Participant: 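Right, I'll just put the structure down here and ask away after.
As the structure is a prediction and not an experimental result, all values here were calculated from the model. Whatever order the structure lists them in is the order used to number ligands and atoms, beginning at 1.
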Amino acid sequence: MARQWSEGHSSSILCVGASVGPEGLLASGSEGGEVTVWSQEGTILGRLTLPGEEDSTSVVFSPAVPGQLYVSHGDTGPVEEFQGAGEEEINALALNETGSALAVADDSGAVRVLELPGGKVCRTLRRHTNICSSVAFRPHRPNNLVSAGLDMQVMLWGLQKTRPLWTLNLQDVAEEEDDHQQRPGQLFNPPLAHCVSVASCGNVLACAAEDGRVHVMRIGSGSKLEQQGAVKAHSQGASQAHFVSFLSHPYWLVTGGNDGQVALWDLGTHPVVAPEGKAKTKATAAQRRKGKSKTKRKEQSRDKAKTPSKDKSGPKLSISHGDKVNWLCPAVLKGEQCVVVADQSCSLTVYPLSHL
Ligand SMILES: *[C@@H]1O[C@H](CO)[C@@H](O)[C@H](O)[C@H]1NC(C)=O
């Protein structure tokens, strides 16, 4: 049963972050610079409005210092501490595993990496030619960072260099896939990249894009881009994709879109994540089809009763949320596996994932 967390904001909520640990807090940021901190029961523990009325676009808790929160707000970046962290409006923040590096992505397309504490800029990565919408550190690979932008590019960076290790243009992938899958009469938006997430193993990336797809990439040895593909996840732009760290394996992914849907996917059987025969080369179209039909059979037998979707290779759980999804945050709340959804309203909605 869905729960509503209300009263925390007076405008549309743009971002949600959860801190780790059994008593971990949640935070949400909204238009107009509001930030609200919540307990796991949805009690409001604190509210503030940052000066300047710019949107709070990203909230992240430090994994190292309990209760320490970074908020991006206008061009000043992480609250007050680090003036001038970005030249333009900041869209995304990410902390590395030890909480000692903060990545800041801005409207110019630049990604800055700041050392913590202190906030000294140690790297400026300029390669995106449009807004950089999302950044993520790669677990288990210190100094590896992924960025994605409205230039439709996903980039993997090694922080020793100011050049990306590789760049994937999502448009190339989309076109390639269309050669194999006829969709007569369907027009798709360009794959502007909105949200990138890295699975806890560090080698699988998912990127939600405006074409409604979630693009999936696997990184091989030497940080090479080994394989790529996509899941047609939403009937309109996909705004959110987050790997869920607390389910049975690292490849559960929760996605949200402008179609008002929230879906949970098991990418563990996706041909990009689990390539057949562990082939090092890119899967052919035939291999991909084979992979898909296998998945279908498995799912048909396993969850006949509960999959509402007609497409059997589709999500394991599909929620008609009903409003355009701004942000998703997987979280364990009082022992219950949940996803917290922010949309265009002033409330958060919490959906349990427990009946999986
Ligand atoms: C986090 O970033 C700091 C500063 O760049 C670096 O020294 C450290 O190795 C990083 N830790 C991880 C786990 O990535």
Participant: My understanding is that we take every heavy atom of each candidate and find the minimum distance to atom 1 (C) of ligand 1. Doing that for Leu114, Asn96, Leu145, Leu116, which one comes out nearest?
Facilitator: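 Answer by nearest heavy atom: Asn96.
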Participant: Cut-off 3.5 Å, side chains only: do Asp106 and Ser108 have a donor facing an acceptor?
Facilitator: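 Distance-only check passes for Asp106 and Ser108.
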Participant: Is it the case that Glu41 and Ser39 place a side-chain donor and acceptor less than 3.5 Å from each other?
Facilitator: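 Indeed, the side chains of Glu41 and Ser39 share at least one donor-acceptor pair under 3.5 Å.
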Participant: Say whether Gln228 and His215, considering side chains only, have a donor N or O and an acceptor N or O under 3.5 Å apart.
Facilitator: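 Note: Gln228 and His215 side chains miss the donor-acceptor criterion.
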Participant: With distance as the sole criterion, is a donor-acceptor pair present between the side chains of Arg138 and Asn143 under 3.5 Å?
Facilitator: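 No donor-acceptor contact under 3.5 Å links the two side chains.
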Participant: More than 12 non-hydrogen atoms from neighbouring residues, nucleotides or ligands closer than 6.0 Å to CD on Gln344, yes or no?
Facilitator: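 Yes - once you tally the heavy atoms of other residues, nucleotides and ligands closer than 6.0 Å, there are more than 12.
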Participant: In the protein, which heavy atom is nearest to atom 9 (O) of ligand 1, and how far is it?
Facilitator: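 In this structure, atom 9 (O) of ligand 1 has Pro142 CB, 4.0 Å as its nearest protein heavy atom.
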Participant: Any idea which protein heavy atom is nearest atom 5 (O) of ligand 1, and the distance to it?
Facilitator: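 Protein heavy atom with the smallest distance to atom 5 (O) of ligand 1: Ala101 CB, 3.9 Å.
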Participant: Near Thr98, which atoms of ligand 1 are under 4.0 Å from a heavy atom of that residue?
Facilitator: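 Those qualifying, in numeric order: 1 (C), 10 (C), 11 (N), 12 (C), 13 (C).
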Participant: Considering heavy atoms of the protein only, find what lies nearest to atom 4 (C) of ligand 1 and give residue, atom and distance to 0.1 Å.
Facilitator: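 So the nearest neighbour among protein heavy atoms is Ser100 O, 3.7 Å.
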Participant: Short list, please: which atoms of ligand 1 are under 4.0 Å from a heavy atom of Glu97?
Facilitator: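 Close to Glu97: 13 (C).
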Participant: What I want to check is whether the side chains of Thr349 and Gln4 have a donor and an acceptor closer together than 3.5 Å.
Facilitator: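 Gln4 and Thr349 do have a side-chain donor-acceptor pair below 3.5 Å.
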Participant: Would you say atom 14 (O) of ligand 1 makes contact with the protein, given that contact here means a non-hydrogen protein atom less than 4.0 Å away?
Facilitator: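 For atom 14 (O) of ligand 1 the answer is yes, since some protein heavy atom falls inside 4.0 Å.
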